[in-house]
Amino acid sequence: MLRQIIAITIKDWQVLVRDRGGMVSLFLMPIMFILVMSAAQQGMYEVADKDNPLQILVVNNDAGQYAGEAVTALEGVEGIEAVTSYDGKITTREYAEELIVDNIFDVAVVFPADFSERVLAAATDEFVEPALVSFIADPATSYQFLAPIRGALEGFIREQAAYAQMPLRLESGFDSLAAQVPEQQAPFVQEVGSLFLQGIKSDDSAVSTGSLGIEFEQTAPAAYKATQFPTSAEQNVPGYTIFGVFFIIQVLAGSILQEKQKGTFRRLLVAPLSQVALLLGKLLPYYLINLVQVASMFAIGHFFFGMNLGNAPGGMILITLATAAAATGLGLLVATLGKTPEQIGGLSTMLALTLAAVGGMMVPVFTMPEIMQTISKISPHNWALSGYQDVIVRGLGLSDVLFESAVLGGFALIFFLFAVWRFRFEEN
Amino acid sequence: MNSTPMIKATNLKKSYGELEAVKGISFEIARGEVFGLLGPNGAGKSTTIAMLTGLMKPTDGTVKVAGDELSSKANHLKRKIGFIPQELALYPTLSAYDNLLFFGRIYGLHGKILRSRVDEVLEMVSLKDRAKDQIETYSGGMKRRINIAAGLLHQPEVLFLDEPTVGVDPQSRNAIFESIEGLNQQGLTILYTTHYMEEAERLCHRVAIIDHGQIIALDAPQSMIHSLGGGLVRVGLMNGKLPAFHTKILELSSVKDAQTIESELMVQAHNTRNALVDMLEVANQMDATITSLEIHEPNLETVFLNLTGRSLRN
């Protein structure tokens with residue numbers, strides 16, 4: 001039986017590698033996705049560090065000092081570059097909008113002329129109209145990209161405004177206190193207030209350059225052993241590789257249908273060949289192709305984009321073996337469901353795309369509604385991606401991907417058993 | 001000498017829902033015999049051969065190969081069977097050599113024995129010089145020859161050929177016939193299905209004529225042909241006089257037998273020319289109008305026509 005399985009494997013391998021269309025869909029298409037998407041998204045994943053700061057256009061129309069002080073403080077933040085002029089021209093609101101429309105910059109912040117005046121007035125008058133700071137961005141820009149930037153800028157500007165208001169609020173507080181104490185104590189209170197304010201003001205600047213005693217860091221849970229955050233390749237390559245692996249469905253199912261239509265299947269059914277040998281021999285070359293696919297895609301990710309492969313080759317191998325088993329099992333199942341090339345093609349495409357979408361290949365699962373996150377569990381893609389991310393992005397090991405591998409193995413077993421049950425080993 | 005039949009089919013039936021494709025076929029094929037299954041398209045030949053080779057489970061009945069009952073798990077019996085399907089069951093992007101290597105391995109051959117057998121069958125079908133070329137570069141006749149070669153690799157004891165010459169040029173067809181005759185002379189038992197009566201007449205020791213899922217005649221081709229006498233005259237008559245005409249011509253000495261099939265009379269004649277003259281005279285005397293008249297020389301086609309009223313190639 002083993003010789004027969006090997007014979008079928010060799011024959012199918014020979015036929016498969018001569019199928020140019022099949023090779024294109026199995027290798028070229030996922031490679032194109034990986035190359036294009038990783039390169040295109042490099043900026044998204046490597047932005048906002050000191051080597052590649054996020055550039056923010058700043059238009060400072062403030063007649064006072066405090067917007068300027070806010071901009072100065074902003075420039076001190078690592079990963080952010082406040083741009084106040086471009087191409088020799090000082091940025092105005094109109095110029096900033098033009099630069100955004102031309103896709104040269106993504107965001108701009110505009111301080112109005114009465115920024116300082118209104119900030120200071122608000123310190124003692126809660127009914128004064130607030131200063132309107134404009135945050136300008138292309139409406140087509142992803143909300144996920146803009147929201148954190150805007151949030152950070154708002155927090156920063158509010159902090160600076162609070163510093164500017166603090167002396168006035170304190171002065172107002174002391175004046176209010178002096179009005180409430182007995183008349184002979186009022187001058188004493190005012191003098192204390194004056195001395196207090198002199199202590200906190202230095203060089204007439206409201207901006208404190210001293211430390212607030214707070215520092216922020218961005219890190220991962222201790223259970224994860226990641227030492228840095230993923231690159232675009234580390235985010236994209238596993239996903240598109242899994243996408244490509246499941247293209248095997250159509251190629252495998254189509255091959256079985258072709259055998260039946262061409263008559264070679266009849267020859268095999270007449271031969272002294274067990275059903276197990278026949279199916280295993282058919283599956284094996286496609287399984288091996290899946291493994292070659294994964295190795296090729298990850299090699300491209302590693303050598304072209306410096307993709308980290310994690311520290312657990314055993315875990316990587318296990319997830320790959322389990323994913324390939326699920327993909328080939330599903331291919332066999334589709335072979336039993338489709339009776340024409342059109343049916344096979346339609347069913348394969350629908351399954352590949354739907355399972356990929358549901359499984360988080362196109363949109364991260366965590367961004368989906370709760371019910372969709374539950375449904376995503378029925379997609380083998382979800383488990384495969386989770387396994388690869390555990391190894392590559394979270395720095396986890398073999399034992400940590402055992403569960404995902406087992407689930408994928410379970411999918412493979414269910415697909416295979418169902419296919420064997422439906423498979424026609426007799427002429428119809 | 002082993003007298004156990006090589007193939008024994010007993011009351012084979014196959015139904016697809018309410019459609020009965022094969023309605024109870026029984027026959028035996030002796031060792032070393034070339035047995036023909038002759039019938040028009042849709043008669044049930046391919047369904048019968050599918051049941052005989054284990055491709056299909058009969059709805060009823062049994063198949064025995066060399067005395068043992070054939071089942072899907074009987075791999076030891078399947079090794080004795082060689083099958084040449086009607087369609088070209090080859091991998092077009094592989095070479096003839098690679099195709100044969102593959103099928104040989106499926107039948108348990110390997111190593112030097114396998115390569116030696118591949119060379120032998122390529123020699124047998126005269127394609128050794130093209131062995132390394134892809135099948136898709138072959139002509140139709142060449143593909144047919146490799147199709148046959150693939151079924152002979154494992155040296156079966158019985159060979160099933162399902163219409164092996166469909167679409168083949170006369171030269172290749174003749175080469176196929178010579179191969180079959182040569183194999184049979186070496187002792188190979190052969191079941192040959194065809195709708196070409198000349199093939200059955202040339203190759204087969206016995207022929208079963210099959211129509212609508214049933215065997216309607218089974219005998220040596222020459223015996224069937226002799227039973228027709230000098231030939232067959234097919235007569236159509238107007239005016240409802242066919243029964244009376246039928247009765248009168250049975251009295252003619254030139255007529256061996258006659259039977260009415262639908263609205264025509266099939267007349268087996270001792271001599272077709274004499275019978276024709278006699279029948280025209282009878283029609284004239286009866287004032288009966290002959291609407292159609294055909295003369296068929298004695299052959300298997302005529303036998304089929306006599307039995308069914310239809311041509312083999314309908």
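The structure presented is a predicted model; accordingly, all values stated were derived computationally and were not measured. So you know, we letter chains A, B, ... as the sequences are listed, proteins then strands, and number each from 1.
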Do the side-chain N and O atoms of B/E199 and B/T194 include a donor-acceptor pair separated by under 3.5 angstrom? yes
Treating B/T4 as the side-chain partner and B/A66 as the backbone partner, does any N or O pair qualify as donor plus acceptor under 3.5 Å? no
How long is the straight-line distance from CG of B/L122 back to CG of B/L127, given to the nearest 0.5 Å? 7.0 Å
Rounded to the nearest 0.5 Å, what separation is found between the OG atom of B/S26 and the CD atom of B/Q214? 11.0 Å
With only heavy atoms counted, which part of A/I5 is less than 4.5 Å from chain B, the side chain, the backbone, both or neither? neither
If you draw a 6.0 Å radius around CZ in A/F304, do more than 12 non-hydrogen atoms from other residues or ligands fall strictly inside? no
Residues of residues 84-96 of chain B within contact distance of chain A, non-hydrogen under 4.5 Å: B/I84, B/P85, B/Q86, B/E87, B/L88, B/A89, B/L90, B/Y91, B/P92, B/T93, B/L94
Side chains of B/D169 and B/S172, donor plus acceptor under 3.5 Å: yes
Honestly, the part of A/E259 sitting under 4.5 Å from a heavy atom of chain B is side chain
Just give me the residue among A/K11, A/Q4, A/R18 that pairs up with chain B most often, heavy atom to heavy atom, under 4.5 Å. A/K11
With chain A as the partner chain, list the residues of residues 143-162 of chain B whose heavy atoms fall under 4.5 Å from it, by residue number, and write 'none' if nothing qualifies. B/N147, B/A150, B/G151, B/D162
Indicate, with yes or no, if the rings of B/F103 and B/Y107 have centres closer together than 6.0 Å. no
Any luck finding a side-chain donor-acceptor pair between A/Y388 and A/T241 under 3.5 Å? no
Less than 4.0 Å between a side-chain N and a carboxylate O, is that true for B/K64 and B/E69? no
Cation-pi geometry met for B/R115 and B/Y97 (6.0 Å, 45°): no
Checking salt bridge (Lys or Arg N to Asp or Glu O under 4.0 Å) for the pair B/E120/B/R117: CA distance, chi angles, key distance, verdict? CA-CA 5 Å; B/E120 277 174 39; B/R117 275 300 296 159; 2.6 Å; yes
Under a 4.5 Å heavy-atom cutoff, which of A/V270, A/L268, A/I6 has the most pairs with chain B? A/V270
